Amino acid sequence: MLRACVEGYSLDALEPYMSKQTLEFHWGKHHRAYVDNLNKQIAGTELEGMQLDELYKFSYNNGNPTPYFNNAGQVWNHDFFWQSIKPGGGKKPSGEVLYLLERDFGSFEAFVEALKEAATTQFGSGWAWLVATKTDPLNENTFGKLMVEKTFNAVNPLIFGRIPLLTIDVWEHAYYLDFQNKRPDYISTFIDELINWDIVTARLERAKAFINFYDVIVPDDQIEYI
Amino acid sequence: MDGKQECEQKMKQAYSEQEHRRDILDRFLDMAASMTRSCGRKLGSALRMCTPRGMQMRGFQTYSLPELSYDYGALEPYISGEIMELHHSKHHKTYITNFNTALEKLHDAKDPQSIVSLQSALNFNGGGHINHTIFWKNLAPKSLGGGEGPQGPLASAISTQYGSLEKLIAKMNSVGAAVQGSGWVWLGLNKELKHLLVETTANQDPLVNKGLVPLLGIDVWEHAYYLQYKNVRPDYLKNIWNVVNWKDVSQRVVWCLVMLASRSTSSLSSTLIGAKGISGVIIVIIVIFPR
């Protein structure tokens, strides 16, 4: 399950924003341990061939998590996390992502504030997310929007029926070697320098298959993004 | 001097010696009684350990960072000075600052909604202050007795309940390593049953939430060990026992039992558990000379 190297960039590619040492431990030890432990837990059971998404939602067991819930969640979250960042990332997105962020948060700065707030106030270990969600999941025709959420430990918003677009790991092991106790600095650096907006755009495209973001279906040739 | 005067003089001497001795005993008793009274008010439970200092003009109490009784580097090589400095002067300080802010907001809150919305801030930050205050006392450098095993009633309780100190340590280490995310592993006392228990709490929840008296707490938040031990929490847990201050742990047991005893004389006999040292003397004095 573990790839040979982190998502197309080497361990020192994110310097000076995320050090090689952090990646060596975070990916090489923490993430690897979650994968090894999960493999051990599901070896020989009928869960072995399952897709990770399905395995994770299955392990949640409707609020009564099974023993492999934590490992499954952490493997999924970390895979998602490594894909969410890249060298030379950060800055402002463009196109539809920016349009929807401005529509649903008021401005890009407001979104950044909301993400920083969620990540800083997640007490203890956890994650902060940008998710796409239906405003009224019971009503087929309501349109979706983007939201910021935070979860603790190994939980991710899949189990609440959201579609995650971006995440930031705020377990202490993600930033302690580089920033020590200064979590807000880590979060600012992450937002300014590391976010891979291309992949967020790709995830948004995939999410459109499940969620309609606009109350009116606009034909492709009539869409205008600011 | 003739015999009668000699006799009188000797009697006076003996009498004054007796008075002298009684005086000393009286003074000792007074001192012990006042010590237990004042100490009993201040110590004995986790919450009371954090004595608030400074009443604000507006009438609510704020808290301040307690001093360590040892240098940051004194626990090396088991816990690095860098970690101790960050842990004490940054993490603990932040909990206190945020706790004071939340207390101020609580003081200013006018309606139930605002009061209830402060609940998590008070819980996180107040719990962090409580837990870390206990933690600094639970640790001591080797030069101040850190790592020397428990004595007296605590030692016998441990060997009765767990078999040996090594088995208790092994249990606490395995429980501590299994804590998901951030939290603490505790040796706690059920004061009704006079029973030791190994328990965990998540995030900064204090052990009193589980109805136990905290005796020894080990912080397993990553900030407590990451710079030195990285992801290998089991190594941190193995090494921290070298700097555990068992005298402090024993004292918490004794004070807890003294508090129970001073509330009900009928349970005094159960506190005569052969405690050694000054704590035992005080218990004996309370029994024989009830206040």
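Heavy atoms only: backbone and side chains are in, while hydrogens, waters and symmetry mates are out. Model, not experiment: these values are computed from the prediction. Below, chain A is the first sequence line, B the second, and so on; all start at residue 1.
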Query raised in the report: Can Arg162(A) and Glu149(A) be counted as an ion pair, charged N to O under 4.0 angstrom?
Result: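 Salt bridge between Arg162(A) and Glu149(A), a charged N being under 4.0 Å from a carboxylate O: yes.
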Report task. Indicate yes or no: does Lys91(A) engage Glu193(A) in a salt bridge with an N to O separation below 4.0 Å. Result ->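 Salt bridge: yes.
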Report task. Report the relative orientation of the aromatic rings in Phe69(A) and Tyr60(A); use parallel for angles under 30°, tilted for 30 to 60°, perpendicular for over 60°. Result ->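 Judged by the thresholds at 30° and 60°, the geometry between Phe69(A) and Tyr60(A) is tilted.
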Requested in this report: Tell me, with the steps shown, if His132(B) and His91(B) meet side chain to side chain donor-acceptor pair (under 3.5 Å).
Outcome: CA-CA 9 Å; His132(B) 285 89; His91(B) 287 274; over 6 Å; no
Query raised in the report: Given a strict heavy-atom distance threshold of 4.5 Å, which part of Asn181(A) is in contact with chain B: side chain, backbone, both, or neither?
Result: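 Both backbone and side chain.
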Query raised in the report: Side chain, backbone, both or neither: which part of Gln21(A) has a heavy atom under 4.5 Å from chain B?
Result: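 Contact with chain B: side chain only.
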Requested in this report: Heavy atoms only, distances under 4.5 angstrom: which of Gln74(A), His30(A), His26(A) has the most pairs with chain B? Name it, please.
Outcome: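 So the answer, after comparing Gln74(A), His30(A), His26(A), is His30(A).
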Query raised in the report: So what's closer than 4.5 Å to chain A heavy atoms on Glu82(B): side chain, backbone, both or neither?
Result: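 Nothing of Glu82(B), per the 4.5 Å heavy-atom cut-off to chain A.
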